[in-house]
Every structure is written in structure tokens, then in C-alpha cells.
Amino acid sequence: MRIARFSIDGNVAFGAVEGDGPDGLVLDIIKGIPYAEFELSGTKVPLSKVRLLPPVLPNKVVAIGRNYAEHAKELGNEVPDVPVAFFKPTTSVIGSGDAIEYPSFSNELHHEAELAVVIGRMCREVPRERVKDVVFGYTCANDVTARDAQEREKQWARAKGFDTSCPLGPWVETDLDPGDLTIQATVNGEQRQLGRTSEMIRSIEDLVVHITEAMTLLPGDVILTGTPAGVGPLHVGDEVAVTIEGIGTLTNKVIKRG
């Protein structure tokens, strides 16, 4: 099931996405929140009549760096012995169609297409065999990075945590095998990144186990699983799209912060 979060007439709701093609999609409004038992209301609105919001509002976004060997290589980095984890704040999260604001402290902004894991229940110290039980679903992400700031600053907080640096969307797909999906990024329609989730160095199970050894994850929290090779620059006016097989396309335009 595809679960979207949206606004219409000033109201925010979750809905199940039904139909095919951009002109045929409708949202069946959900009673309650999708992390618990819920019912479909039967009240349906065309997707074209709503504004899509970030599909979740995470308490935290835990991101993993250098989880694809070719991406580590292209930036001159070694594959780490253990997963490299960092945070992106909730203020970095935007939805499909929202603008990425080019930060004033950077002159080298990069796209990073990623599969995002959405957590569905409170969990800590999750054993490998229970990881599927705590995952709500999957969505597209763009770990937008101020590359020059990342290179000159020892911590990545500003380079990867600035406002609008974490586009998520367009919705969460709850019925999906994430093991071998095509993931790609385009800029102004030109393909920049193309990889498969099977190329991850560490699997989703590895990452959930590793993260929850240290911290509690809450419903709606997000794990970014790393990016394949092909990252590259974004400029003001560019439109960047992340497409993942079985999920959909996350699209954002880059604007000048002002």
C-alpha cells in the first residue's frame, strides 16, 4: 500500500494512494494514523487537488554514509569498517514538490539519491530476525549535501543538516522487497545516478541492528541507507528527481535562499 501525507483546504491527513498514472491517482483518506490499526474512510480526493507533504514527520533521520563502494571510491574514501552514521534534523525534511534552498555558506551543492526506511514502531536492540517487524515501509530520499562544507568541516552537521536538505517522498510504500531495486537520480531530465539497492555494502537488516544497539527508534523515524555513485552538482534553477523502482519519483527544484 502507498501511504501519502497531504494537505487540502488547510487540513492535513494521511491517505492510501490508489490508481495508476499521474492523472488517475486518488487518495482514500485514512481514519487515524497509519502506524497503528487504521481504516480507509472511503472518502476519496484526486491527487491533483492536494498538496503532497513529507510522507512522515520523523523525530530523527539517521543517515548512513559510504554504504556503496563505488560512491566511496568516487570521493576518494575508503569503505568504512563499520557503518558511518550521522543525523539530519527534522527541519531539513521537505516533501516532493517543495524547494531545496541553496545554502548561503556553500558553493558546491550535490544530490545523493537514497532509499529511505520508515520505522513503524518503537524499537531498541532489534535482533536481525525481527527487523521486518519494525519497518513500516520505504520511500525516496535525497541526502542533499554541501560538499565543500563537508570537506572543510570535521563534522557533517551543517553540510548535510541545513534546512531543506532532506527531501522525502512522494509517499511510503509498505509492501516492497527492498533487496534489489533500481535507484536513480536525474537533473533537468539528464540521468546522473543509476544503481541498485543490492549494491549496498551493509543491508537494511545490518543498519537497523547497528543503529538500535545505540538508540531507540520511534514510529516515523527514517533511516537513509546511502547513495550509489554518480553524485554531482546542483545549481539554482535545477530540477532534481529521485526515482526508486516500486515506489515512485521524488522531485524538487533548487532555488536561491532568500
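Computed over heavy atoms, backbone and side chain alike; hydrogens, waters and symmetry mates excluded. Given the structure is predicted, the values throughout are model-derived calculations rather than measurements.
- Linking Ile, Leu, Val, Met, Phe, Trp and Tyr residues whenever their side-chain heavy atoms come within less than 4.5 Å places L52 and V45 in a single cluster.
- Put simply, the residue from H111, E114, Q193 that forms a side-chain hydrogen bond (donor to acceptor under 3.5 Å, both in side chains) with T227 is Q193.
- In this structure, the side chains of I64 and L224 stay at 4.5 Å or more apart for every pair of heavy atoms.
- Under the 4.5 Å side-chain contact rule for hydrophobic residues, I223 and V242 share a cluster.
- The number of heavy-atom neighbours closer than 6.0 Å to CE of M215, taken from other residues, nucleotides and ligands shown, is above 12.
- Using a 4.5 Å heavy-atom threshold, the side chains of T243 and T186 count as separate.
- For the pair T212 (side chain) and V126 (backbone), a donor-acceptor distance under 3.5 Å is present.
- Looking only at side-chain heavy atoms (C-beta outward), Y68 and T197 come within less than 4.5 Å of each other.
- At distances below 3.5 Å, not a single donor-acceptor pair connects side-chain atoms of S7 with backbone N or O atoms of V12.
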Inset, instruction - Kindly determine whether E112 and R147 satisfy salt bridge (Lys or Arg N to Asp or Glu O under 4.0 Å), including the steps that lead there. - result: CA-CA 11 Å; E112 294 192 6; R147 191 71 68 201; 2.7 Å; yes

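- Under a cutoff of 6.0 Å and an axis angle of 45°, R158 and F105 form a cation-pi pair.
- At a threshold of 4.5 Å between non-hydrogen side-chain atoms, the residues K88 and C166 count as touching.
- Here the side chain of D221 pairs a donor or acceptor atom with the backbone of N59 at under 3.5 angstrom.
- Taking every heavy atom of both residues into account, V93 and P58 meet most closely at CG2-CG, 4.0 Å.
- Linking ILVMFWY side-chain heavy atoms closer than 4.5 Å, directly or via other members, places I204 and I244 in a single hydrophobic cluster.
- Under the 4.5 Å side-chain criterion, counting only non-hydrogen atoms from C-beta, L181 is in contact with L176.
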Inset, instruction - Begin from the C-alpha positions of K160 and T145 and carry the test side chain to side chain donor-acceptor pair (under 3.5 Å) through to its verdict. - result: CA-CA 5 Å; K160 287 177 171 284; T145 301; 2.8 Å; yes

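- No more than 12 heavy atoms of other residues, nucleotides or ligands lie within 6.0 Å of CZ in R124, so this atom counts as exposed by the packing criterion.
- Applying the side-chain contact (heavy atoms from CB on, under 4.5 Å) test between E239 and each of V187, T251, V254 identifies T251 as the sole match.
- The two residues A116 and V222 make their nearest non-hydrogen contact at CB-CG1, 3.9 Å.
- The heavy-atom pair separating I94 from T164 by the smallest distance is CD1-O, 3.7 Å.
- In this structure, E78 places its CD atom where only 12 or fewer heavy-atom neighbours from other residues, nucleotides or ligands lie under 6.0 Å away.
- In terms of heavy atoms, V144 sits closest to P167 at CG2-CD, 3.9 Å.
- What you find for L109 and P103 is that their closest heavy atoms are CD1-CD, 3.8 Å.
- For F87 against K60, the heavy-atom pair with the smallest separation is CE2-CD, 4.2 Å.
- Here the CD-CD distance, from Q150 to E108, works out to 9.5 Å after rounding to the nearest 0.5 Å.
- Counting heavy atoms from C-beta on, the side chains of Y138 and V118 never come closer than 4.5 Å.
- Within 6.0 Å of CD in E129 there are more than 12 heavy atoms belonging to other residues, nucleotides or ligands.
- Side-chain atoms of R192 come within 3.5 Å of backbone atoms of P233 as a donor-acceptor pair (strictly under, hydrogens ignored).
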Inset, instruction - Step by step, work out the side-chain contact (heavy atoms from CB on, under 4.5 Å) result for F162 and T91. - result: CA-CA 8 Å; F162 61 89; T91 48; over 6 Å; no

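- Checked for salt-bridge contact, K44 and E18 meet the test: a charged N lies under 4.0 Å from a carboxylate O.
- Looking only at atom types and distance, the side chain of D238 has a donor-acceptor partner in the side chain of N188 under 3.5 Å away.
- The closest side-chain heavy-atom distance from R51 to L53 is below 4.5 Å.
- Comment: E245 engages R196 in a salt bridge, judged by a side-chain N to carboxylate O separation of less than 4.0 angstrom.
- The pair D98-K253 fails the salt-bridge criterion, with no side-chain N (NZ, NE, NH1 or NH2) lying under 4.0 Å from an Asp/Glu carboxylate O.
- For the side-chain contact (heavy atoms from CB on, under 4.5 Å) with R5, the lone residue among L168, I33, I30, L57 that qualifies is L57.
- With a 6.0 Å radius and a threshold of 12 heavy atoms from other residues, nucleotides or ligands, D175 has its CG atom at or below the threshold.
- Here CG of L40 is found 4.5 Å from CG of D28. Values are rounded to the nearest 0.5 Å.
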Inset, instruction - Could you please spell out the steps behind the salt bridge (Lys or Arg N to Asp or Glu O under 4.0 Å) verdict for D206 and R128? - result: CA-CA 7 Å; D206 293 334; R128 180 176 299 275; 2.7 Å; yes

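- Under a 3.5 Å cut-off, the side chain of T139 and the backbone N or O of W171 do form a donor-acceptor pair.
- Although no hydrogens or angles enter the test, the distance criterion places no donor-acceptor pair under 3.5 Å between the side chain of D148 and the main chain of S106.
- Neither I119 nor I3 shares a network with the other; the hydrophobic side chains, linked directly or stepwise wherever heavy atoms of I, L, V, M, F, W or Y lie under 4.5 Å apart, form separate groups for each.
- Under the 3.5 Å distance criterion, the side-chain polar atoms of N252 are matched with a main-chain donor or acceptor of G95.
- Atom CD1 of I247 is separated from atom CG of L115 by 5.5 Å, given to the nearest 0.5 angstrom.
- You'll find the side chain of L217 reaches within 4.5 Å of the side chain of I211, heavy atoms only.
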